[in-house]
Asker: 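Starting off with a structure, shown below.
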Amino acid sequence: MVAGEAMKNDQAEKRVVELRKEIEYHNYQYYVKNDPVISDFEFDQLLKELETLEKQFPDLITPDSPTQRVGGEPLSEFQTVMHKVAMLSLDNTYNYDELREFDKRVKKKIDVHEYVVEPKIDGASVALWYGKGMFLRGATRGDGVRGDDITANLKTIRSIPLHVQSGRLQTFEARGEVYFPISGFKELNTAQEKEGGQGFANPRNAAAGSLRLLDPRIVASRPLDIFVYYLSYSEQIFQTHAEAISALREAGFRVNPLIKTVSDIEGVIQYCQELEEKREDLDYEIDGVVVKVNALAQQDELGSTIKHPRWAIAFKFAAKQATTILKDIGVQVGRTGRLTPVAVLEPVQVGGVMVSRATLHNFDELKRKDIRIGDTVLVERSGDVIPQVVKAIAEKRTGGEKTLRVPKICPICHTPVVRKAGEVAINCPNRMCPARLKWRLRHYASRDAMDIEHLGESTIDKLIDAGLVDNIADLYRLIVSDVMRLEGFKEKSAENLIASITQSTQQSLSRLIYGLGIRHVGKYAAQLLAREYPSIDALAVVSAEELKTIFGLGEKTAEAIASFFATEEHRQLIAALEDLGVSTERKIVVETLPLAGKKFVFTGGLSAMSRSDASEHVKERGGLVINSVSKDLDFLVVGENPGSKLAKAEKLGITILTEEEFLKLLK
Ligand code: IVH
């Protein structure tokens, strides 16, 4: 359309329909198939075009438009809804003999030929109701009869189709498990803890907690995902569960790739063994295997008790839990000054990993759970995070156990602690507390920040404990003979450390901004800022109001940045860094860099460096690393065992580089 020319309503409608179809297709390729066919940029363009048209022609907005995934205003509460079909739970077993007994029970009634075996996803179960192919309503399990209407939150999960793609399913109910990927869970917890907040205990709580948020915009910012595993109602008739699962997959749902059909109970048991071994490699938590009779007529014949179906059973893996003695409770001071009790344990194996420390979260919880030094405690490991103490086993007490007193002073700098009204957290208010300084320096020296190679955690501790470093700037004042005084350092290692510190003076502006540890400023925000402002000095004088206008920067972040630079101590730090030769300016205009504007995609494993290092090299040279192969890609870098991207790139005639050629290009 020519700019300025008004589009007619029917033209607009046609385009809107086209766009929606296209966007949902790319959504599906990206979130369900994990195989995008256009770049993020192109996708955003399509979405923007649709948004613009819908703004111009609001009558054309429908609830299943991709623009409606993130709903408007927060809710004040959830509506209660009756489930179309009661959400039963599953009978559990913990050993293979019980599985064989289940098989016997089933065989008494029917001549079973096949079982379907599936990972038991550890998240929050939901029911999704579709009418005429449109996603109409989604609900939590609740008590099985009534649940909460969480449609707005579920719409934010991109792998839930707002409209089924095609095929047999039109009016139906699907069940699935919403889960929090482990990688995303770790990130969320780190971010929340950095803010001085409380992380979730495990990915399941994070999933369930996120679904219960009243503001869909916050839900949308979390990487929730879903596996759909059951067709609980359908107008269409199917013969088997496996067929129903295929229909769900064809309709555009995300179905677990490890679902399998086996011919007898020994096949089930073998699957359980194999899956337990794979358990640690998955990016989602599973707590067992669900076994289902495949033939739907046989399922009907077996029926259900009031609690659970007789045609299915859950084999639960041994919990990643163990009991041990709580030898002591230490107190840790975090980056924001927050004090956390830490359990010192008699070492014990938990789910195959030796554990000697566990988190106790906070002092209120310690009191509430009445956990005492000397107690026998139950320890749990989940979601790959620090293990936690679940509870004390009170029956095992001998009388000699001691309760920990809530500290009144910081264990590190002895400053009296503070507790803000209404908050659980106890904080050391001393900004110069060595414990906090250690965190600040660790962050500053970390790989994503200033990447100071020889400045690891223990060296930082030694430097601070020896009184050689009181703030970030002091790093640049160190000389070789200072470092040689530290335990474990000789001339060569001291020189190496000083050399890597000196090298860091030339790091990029975005790394420096990130390294300063400004609240809410992650890597991405730091890059935005470095693109917007040519130097730290330029950034330091910008008002919160102006910062808020930067696209992609949140309000809280804008305020945190302004307040950081308003603090005298921080101004002094910047001035000192400049005096000591740390570059605080953006270095080269991006356009003049050797790979300026060139787009790269990687496929297969690289041997000389990690994918993220390779991306970093490209970015440093002005290039762009994108996800998917399309005709405007410049280079596909092919490592070992390349994926389908190689064939696609060959078809499009894109320049293909071996790893060796790529390294040459970098040089
Ligand atoms: S089937 C009527 N399949 O486990 C049968 N459930 O303890 C419906 N779950 O409430 C359940 N993965 O939240 C089924 N592959 C799977 C599952 C699964 C996880 C959850 C679900 C259910 C609970 C039962």
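Just so you know, ligand 1 is whichever comes first in the structure, and atom 1 is the first atom listed for that ligand. Note: hydrogens, waters and symmetry copies are ignored here, and every other heavy atom, side chains too, is used. The residues of the chain are indexed from 1 along the displayed sequence.
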Asker: Keeping K369 on the side-chain end and A392 on the backbone end, is there a donor-acceptor pair under 3.5 Å?
Answerer: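 The answer is no, because no donor-acceptor pair under 3.5 Å joins these two groups.
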Asker: Do S65 and Q68 get their side chains close enough for a donor-acceptor pair, meaning under 3.5 Å?
Answerer: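 Not at all, the side chains of S65 and Q68 share no donor-acceptor pair under 3.5 Å.
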Asker: So, taking the atom named OG in S159 and the one named OH in Y30, what distance separates them when rounded to the nearest 0.5 Å?
Answerer: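 Separation between the atoms: 12.0 Å.
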Asker: Please check: side-chain N/O of K155 versus main-chain N/O of P63, any donor-acceptor pairing under 3.5 Å?
Answerer: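 Flag set: sc K155 to bb P63 pair under 3.5 Å.
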Asker: Answer yes or no: is there a side-chain heavy-atom contact under 4.5 Å between Y229 and E177?
Answerer: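 Result yes, sub-4.5 Å side-chain heavy-atom pair found.
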Asker: When you pair each N or O of ligand 1 with protein N or O atoms, which pairs come out under 3.5 Å?
Answerer:
from	atom 1	to	atom 2	distance (Å)
ligand 1	3 (N)	K292	NZ	3.1
ligand 1	4 (O)	K120	NZ	3.2
ligand 1	12 (N)	I121	N	3.0
ligand 1	13 (O)	S125	OG	3.3
ligand 1	13 (O)	E177	OE1	2.6
ligand 1	13 (O)	E177	OE2	3.4
ligand 1	13 (O)	Y229	OH	3.3
ligand 1	15 (N)	E118	OE1	2.7
ligand 1	15 (N)	P119	O	3.3

Asker: Start with the C-alpha distance between F172 and Y233, add both sets of side-chain angles, then the distance that settles ring pair (Phe, Tyr, Trp, His ring centres under 6.0 Å), and finish with yes or no.
Answerer: CA-CA 5 Å; F172 62 98; Y233 171 85; 9.0 Å; no
